[in-house]
Amino acid sequence: MRSEETRVGDVVLPSVVMTAAGTSGYGDELAGYGDLAELGAIVTKSLAAFAWDGNAAPRVAASGQEMLNGVGLAGPGVGVWRSTYLPALERRGARVVGSIWGRTVAEFAQAAEAMRGANVIALEVNASCPNLETRSTMFAHSPGATGDVVAASKVAGIPLWVKLSPNTPELVEVAGAAIAAGADALVLVNTVLGLSIDIEKRSPSLGNGGGGVSGRAVLPVSLRAVYDCREAFADISIVGVGGISSGDDVVAMLMAGANAVEIGTATFANPRAPWIIQRQLRKWLKRHDVRNVCELIGVAHG
Ligand SMILES: Cc1cc2nc3c(=O)[nH]c(=O)nc-3n(C[C@H](O)[C@H](O)[C@H](O)COP(=O)(O)O)c2cc1C
């Protein structure tokens, strides 16, 4: 019997494959394409304590292997999500990770507090969003601000994962601050800052101007982030996300040091992607006679 089970902090997952925040909505949008309970977990689109309209349209631009988005964290807020969307996930037996965001440290605390008592296996703190208190630099670009949002988002009894940005040369320092503040796991990484130009309109393609790049093109970026953080922190749990579109990519991410992975943009090309990738991973494990998927974690470090 082969084991596909993994552990992120103290949370046991039946599969290393999860969905990524913001790429499959708030609830059971993917349920028509596969059994949500078969996946490690479903990560919700990031939710604030309040409803938020997000950025002006257009919000996405796709080209080749990557995509650019500037959704701007539009959403109904934690309270409406709990009453309107979470029940559908519960009925399907999905394990749910609640992603939260805020514009200030206090707003992160409010979003986390609003999650208290919800049926979630973890909170994923999206620290890769603008910090209004420091004129819109990202929380995740500063070790101090990241430590602050992690500490503010701790809710007794709910494991806390922190999602970091690749757009900083200080990623390892930021990760260290998150761990020191009590994060149970690192989620690496959010999108890479980018821009596209509509040459007919002679202006940026997205309503917001710039956006975040995701999809296959960013796999080397996420692998590097995971590898560097695993090198620096032998014991912390890491979730790898960014550009994963095949079972081979999952294997590479595990070897770089991830305990689990999240699939985002690949689900736009094919909503069945998480299950297809899971099957490809299963075949790889069989072909290489790997009995326990966890044997692969970090092996690229020698
Ligand atoms: C349309 C879109 C919306 C996203 N929304 C969120 C979000 O709400 N919260 C978050 O933490 N990340 C969000 N992300 C980032 C993804 O979760 C993921 O980190 C990133 O896209 C890289 O993974 P991928 O290449 O597999 O998509 C979003 C990405 C896209 C493309």
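Keep in mind that the numbers below use all heavy atoms, side chains included, and drop hydrogens, waters and symmetry copies. Counting convention: from 1, in listed order, for ligands and their atoms alike. Quick caveat: nothing in here was measured; it's all calculated off a predicted structure. Counting begins at 1 with the first residue of the sequence.
Electrostatic pairing of K283 and D248 does not count as a salt bridge here, judged by no charged N lying under 4.0 Å from a carboxylate O. Checked for salt-bridge contact, R230 and D228 miss the test: no charged N lies under 4.0 Å from a carboxylate O. Between R282 and E4 there is a salt bridge, since a side-chain N of the basic residue sits under 4.0 Å from a carboxylate O of the acidic one.
Donor-acceptor pairing under 3.5 Å is recorded for the side chains of Q278 and S15. Counted by atom type alone, H301 and E231 present one or more donor-acceptor pairs between their side chains at under 3.5 Å. Defined by atom type and a distance below 3.5 Å, a donor-acceptor pair is missing between the side-chain atoms of S165 and S128.
On a distance-only criterion, I263 and ligand 1 share no N/O pair closer than 3.5 Å. Between N69 and ligand 1, not a single N/O pair is under 3.5 Å apart. For ligand 1, the polar-atom distance check against V241 finds no nitrogen or oxygen pair separated by under 3.5 Å. Polar contact check, F268 against ligand 1: no nitrogen or oxygen pair lies under 3.5 Å apart.
Here atom 16 (C) of ligand 1 lies nearest to K163 when heavy atoms of K163, E262, E124 are compared. The option from V213, I100, N190 that lies nearest to atom 15 (C) of ligand 1, judged by heavy atoms, is N190. Closest heavy-atom approach to atom 14 (N) of ligand 1 among the candidates A21, G22, G242: A21.
Per-residue contacts place A20 under 4.0 angstrom from the following atoms of ligand 1 (heavy atoms of the residue considered): 17 (O).
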Checklist entry - Where do N119 and R95 land on the side-chain hydrogen bond (donor to acceptor under 3.5 Å, both in side chains) test, with the steps shown first? => result CA-CA 8 Å; N119 187 5; R95 283 155 297 281; over 6 Å; no
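For the ligand labelled ligand 1, residue A266 lies outside the 4.0 Å heavy-atom shell. Note on ligand 1: V43 sits outside its first shell, no heavy atom being nearer than 4.0 Å.
When non-hydrogen atoms are compared, ligand 1 lies under 4.0 Å from the side chain of N126 (C-beta onward) but not from its backbone. When non-hydrogen atoms are compared, ligand 1 lies under 4.0 Å from the backbone of T265 as well as from its side chain.
The environment of CG in D10 is sparse: at most 12 heavy-atom neighbours from other residues, nucleotides or ligands sit within 6.0 Å.
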